[in-house]
Amino acid sequence: MKVSRLYLISSSISFLYCILTICFIDYLSVPWTDEIGTADTAINVVLYGQWKSDVWLYIYQPLHAFFLIPWIFIFGFSHASVCSINVFIAFISSCYIIRITERRKWFLSLGGLLIFISLFWLLVWHTNGRIDMLTMLFTIGVADNLIPDEGRSQMKMLAVMSFLLMMTSIYSIPVLVCGGLVLIYYYWKNRQIRLELTKKAICVTCSMTFAFILTLIFFYFDGHLIKYLHQFIRFNSTINGANTSFVEQIVLAYSYWIPLFLTIIGMIFSSLKKDKLGIIAGIFILFIPLIMIMSGRYKSYYYWLFIVPAIMLFAYSIDYLLNRKYLRIISYSVLFFYPAKCISSYINPSESYYERIEKEEFIRGNTKYFRKGSEVYAFDAMFYYPLVEQRAIINKEIRGMKKEPLPMEKFQNFANTINDNSKREIIVKLFNKIEKASEKEMKNGFIICFEDKQYRQDQCDMIINYLKSLDLKYSIVASKGNMRIIKFTQKVNNHNI
């Protein structure tokens, strides 16, 4: 494979950005709920040899965890380790896009590539621990091989990318389907390409179906087939999942003005060049948030579906101007934006960074309460990694899809005072666990970690009062600010409530 000078320079700059991001990742992001839910299964495999998660009710397609397991085994289980794999995948994705644009001759100057790379690292959210960067990589692969490319066999690679995408995530599929329809419209008069696109559609369908069947077999032997099917059928349904109206979701989606601005500028320059492909691409990009809203929820971590093609269109549309000296200077100066962001996050850390340090020090300063095998209910994602270090059994988040049986009478009124269904259910699960625990299980004790940004002080007091009503021997063994550790190790009487 022949590698051009433009590709070498641009991919080298992207690699430097990748290394820079990994060095500053603890300052650029903090642990959060979805990251913990994504990482917990892989961490449990490394630590205990078990494919399970005690902190997350949702079940993702397994491919991301397959990649994360050896990564954690090599680099350890930390926030930086879990997130750095996504930074590395983002680098691979950027190189893939650069290669696509070079092969299709979308960029003719280094300036256009430099603007793309700078905006890609600056605007795409690549420092979280979710599945999105792997989804992005394979979505790009499917899209690249769907778009006709004369003289290149695409069917095998399309099958592979479709298979890998289905094993990773399904939320980008509606955008790919609509993109395929746009391609059919664009090439409608070309019968040969139209037939080729039809064959590709069949290829994608067969490949994804095969991947779906393998996923079902995997979860059947894993013992979570019904739970996976339940989630798969729901697929972020607007009826079941969205907390806002359809109109509110649209307003919120398009209030993210940067990709909107880049797309509109790209369409304006495309029209000046009389580039029909750029105009059609711009119209399709503007509809991506609407497609996602109509097929489910459009969350902040899905924004790459909007921002990546918007950046590509913007850089592509102004590329022909970058042979002018003053515009080349502008493209070179943009390279300093992302390093400036990283350095700024180190010099002036965010409040979330200090909050994370405080919480981790709180847990690590009280490790004597977390014996190996202790049952821990940690109500904050920032407690997760220091608790993992103690080999505690962590139960963090219970979501509203699974209906836990509610205790009767005495607990009913208390549970109803907690408005958030997910938070109510984790309390319900905790109390059910207490009621059913044997004396042997109680030896290690149950530990609850509180932080009142998620649980108000009055709710914490109600939980303590409820523990009193169960005649449990408990104590607040550690407290700092709003944080506290409550431990109870003995049941005086058994209660049937």
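From a predicted model like this one, the values you see are computed outputs, not experimental measurements.
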Considering only distance and modelled atom types, tabulate donor-acceptor pairs under 3.5 Å from the side chains of residues 216-223, sequence neighbours left out.
unit_1 : atom_1 : unit_2 : atom_2 : d
Asp222 : OD2    : His224 : ND1    : 2.7

So, using side-chain hydrogen bond (donor to acceptor under 3.5 Å, both in side chains) as the criterion, who are the partners of [X] when residues are at least two apart?
X: Ser118; answer: none
X: Tyr96; answer: Asp144
X: Ser94; answer: Ser14
X: Asn190; answer: none

### Query
Counting heavy atoms not belonging to Phe287, are there more than 12 under 6.0 Å from its CZ?
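12 or below, so no.
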### Message
Please determine whether the number of non-hydrogen atoms from other residues, nucleotides or ligands lying under 6.0 Å from atom CE of Met155 exceeds 12.
### Response
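More than 12 heavy atoms, drawn from other residues, nucleotides or ligands, come within 6.0 Å of this atom.
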Can you give the donor-acceptor pairs under 3.5 Å from side chains of residues 260-267 to other protein atoms, not counting sequence neighbours?
unit_1 : atom_1 : unit_2 : atom_2 : d
Thr263 : OG1    : Pro259 : O      : 2.7

### With sequence neighbours excluded, residues passing salt bridge (Lys or Arg N to Asp or Glu O under 4.0 Å) with Glu35
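With neighbours one apart ignored, the set is empty.
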Less than 4.5 Å apart, any side-chain heavy atom of [X] and any of [Y]?
X: Ile291; Y: Leu305; value: no
X: Ile69; Y: Val46; value: yes
X: Tyr27; Y: Ser350; value: no
X: Tyr17; Y: Leu335; value: yes
X: Asp275; Y: Phe269; value: no

Under the rule for ring-ring contact (aromatic ring centres under 6.0 Å, His included), what residues qualify as partners of [X], not counting sequence neighbours?
X: Phe116; answer: Phe120
X: His126; answer: Trp121, Tyr338
X: Phe163; answer: Phe210
X: Phe15; answer: Phe91

### Query
Got a donor-acceptor contact below 3.5 angstrom from the Tyr353 side chain to the Tyr346 backbone?
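No.
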### Query
For the side chain of Asn86 and the backbone of Asn128, is there at least one donor-acceptor N/O pair under 3.5 Å apart?
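Confirmed, Asn86 side chain pairs with Asn128 backbone.
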Judged by modelled atom types alone, do [X] and [Y] share a side-chain donor-acceptor pair under 3.5 Å?
X: His79; Y: Ser29; answer: yes
X: Ser84; Y: Trp71; answer: yes
X: Ser162; Y: Ser207; answer: no

### CD1-CZ distance between Ile89 and Phe138, expressed to the nearest 0.5 angstrom
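That separation rounds to 7.5 Å.
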### Atom pair OG1/NE2 of Thr168 and His64 - distance to nearest 0.5 Å
8.5 Å
### Where at least one partner belongs to residues 198-211, residue pairs that pass salt bridge (charged side-chain N to carboxylate O under 4.0 Å, His left out), sequence neighbours excluded
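As it turns out, the salt bridge (charged side-chain N to carboxylate O under 4.0 Å, His left out) pairs with a partner in residues 198-211, which skip direct neighbours, are Glu196-Lys200.
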### Query
Is the Tyr301 ring parallel, tilted or perpendicular to the Trp32 ring (thresholds 30°, 60°)?
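Aromatic pair Tyr301/Trp32 classed tilted.
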### Task
Answer yes if the ring centres of Tyr256 and Phe306 are under 6.0 angstrom apart, and no otherwise.
no
#### Entry: Over-ring placement of Lys273 relative to Tyr316, 6.0 Å and 45° cut-offs
yes
### Query
Trp304 and Thr135: side chain to side chain contact (heavy atoms under 4.5 Å, CB included), yes or no, with the steps?
CA-CA 10 Å; Trp304 65 266; Thr135 305; 3.9 Å; yes
